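We name chains A, B, ... by the order of the sequence lines, and we start the count at 1 in each one. From a predicted model like this one, the values you see are computed outputs, not experimental measurements.
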Protein chains: 2
Amino acid sequence: MKARPVDKFDRRRDELAESALLTLGELGYARASLREIAGNSPFSHGVVHYYFQDKLELFIYSIRYYKARCVTRYDAVVRDSASPDELIEAFAAKLAQTIRDEAPMHRLWYDLRTQSMFEDGLREAITEIDGTLEAMIWRVVDRYAELREAQPTVSPKAAYGMLDGLFQQALLAHTALGEPVLDQLAAEVRTVLPLLVR
Amino acid sequence: MKARPVDKFDRRRDELAESALLTLGELGYARASLREIAGNSPFSHGVVHYYFQDKLELFIYSIRYYKARCVTRYDAVVRDSASPDELIEAFAAKLAQTIRDEAPMHRLWYDLRTQSMFEDGLREAITEIDGTLEAMIWRVVDRYAELREAQPTVSPKAAYGMLDGLFQQALLAHTALGEPVLDQLAAEVRTVLPLLVR
DNA sequence: GGTTTTTCTTGACAAGTGTCAAGAACGGGC
DNA sequence: GCCCGTTCTTGACACTTGTCAAGAAAAACC
């Protein structure tokens, strides 16, 4: 008996993951039911169980799928910047742009990361992704240090925590107050990044 | 007809708020049902509707009640430190201690803050509390600057975002890996706080 | 002790949920 | 066109949920 085509099976799982991410970004984890997710897809709720063991497996698959989308977010900034000022400006602009363009995706990331403190099944995947996000931010800081001919003053983990904290505050403010707050994020990054090298 | 005793009414609301916070810290927002909350109290689920309009009002009351508990967390550190090094050590120790002693409370704070991006009804209260947490952190940074006879290098908002990001990373790591990670938080604070003044 | 008021319990209701499985619909092979 | 396998729809099931209200229990008043 012929095995099912891998391509189609994975493609369908990816489609369901995209529907899940859409729903999580709109409603949050607490209200992202399988019927809501199915409602954001061309399928019915039963198809989720055809492709995934259960809801948790869908969510874990979705956030791993999400990872592949975003851990290279700032790599162009790192590659294309030829001076420290250029890198700061490009990085600040990119941070604001990604909040502006993909706010729901960022909200769902923080939501799921928070849920991982309550839901053992999410923790391994979230911890792994957080590690790749830390690495992503570290590539920015490290390159900035290189361009400044200086050394980073903090660890990768601390750099990620600090910049992620600024980003999260900007996202919260953006949710509450809208786009004007993003200028402040850019200003903060211009102040903070130089503090991270010496 | 005599009005109900205000003291008792408010006391009961506070008791229910404590049960709500206990449940939120244990299960997270998504699974904190009124029946679970009641199960963490001496009452039945019906009593919630006797004292609160609905579930959302209970949650908002609970986080405002929570605010009163924690926005003075570091004031003793600020008051009692006579040198920069003393303040840094006391602050680092207090951060680790509060994660060790009250991890569920911190988890629920981040959970509700995240939910406020999805739930309009939570946003005003969360934004207000975040503002008082920012002020709390600023008192630490400002005092540290004073002791160093220097000036802060960042805004209150940036200082809060950065230190809160470190704290949140420590909380996540503590949830996943346990207490040994708190030493790293202390080390990070020793590195980072000096960067915030000049 | 009786009455009134306050406080709380209990359970119903409607709606929603995740999971499962029967079987319909579709596609491929012959 | 038929048969078989794959894919998907549909709806049932058991359970949970927030809210509401009847009425029990407790407390206060006289």
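- B:Tyr29 and A:Asp111 share no donor-acceptor pair across their side chains, judged by distance under 3.5 Å alone.
- Close to D:dC8, at under 4.0 Å from its OP1 or OP2, lies a side-chain N or O of A:Arg12.
- Protein atom NE2 of A:His49 is 16 Å distant from nucleotide atom C1' of D:dT7, rounded to whole Å.
- Protein atom CZ of B:Phe59 is 8 Å distant from nucleotide atom P of D:dG18, rounded to whole Å.
- What separates CG of A:Leu34 from P of D:dT16 is a distance of 17 Å, to the nearest Å.
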Query raised in the report: Reading nucleotides 9-16 of chain C 5' to 3', which nucleotides get B (base under 4.0 Å from a protein heavy atom), which S (sugar-phosphate only), which -?
Result: BBBB----

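- A:Gln168 and B:Asp164 share no donor-acceptor pair across their side chains, judged by distance under 3.5 Å alone.
- Distance, A:Lys55 NZ to C:dT19 P: 8 Å, rounded to whole Å.
- Cluster membership for A:Leu172 and B:Trp109, using ILVMFWY side-chain heavy atoms within less than 4.5 angstrom, is shared.
- In the set D:dT7, D:dC20, C:dG18, D:dT7 carries the atom at the smallest distance from any side-chain atom of A:Tyr51.
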Can you give each donor-acceptor pair under 3.5 Å made by side-chain atoms of residues 84-93 of chain A, sequence neighbours left out, with the distance rounded to 0.1 Å?
residue, atom, partner, partner atom, Å
A:Glu89, OE1, A:Arg190, NE, 3.2
A:Glu89, OE1, A:Arg190, NH2, 3.1
A:Glu89, OE2, A:Arg190, NE, 2.8

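- A cation-pi arrangement is not found for A:Arg139 relative to A:Tyr74, the charged atom failing to lie both closer than 6.0 Å to the ring centre and inside a 45° cone about the ring normal.
- In this structure, B:Phe52 reaches neither bases nor backbone, as no heavy-atom distance under 4.0 Å exists between it and the strands shown.
- What separates CZ of B:Arg31 from C1' of D:dT16 is a distance of 13 Å, to the nearest Å.
- Of the N and O atoms on the side chains of B:Thr23 and B:Asn40, at least one donor lies less than 3.5 Å from an acceptor on the other residue.
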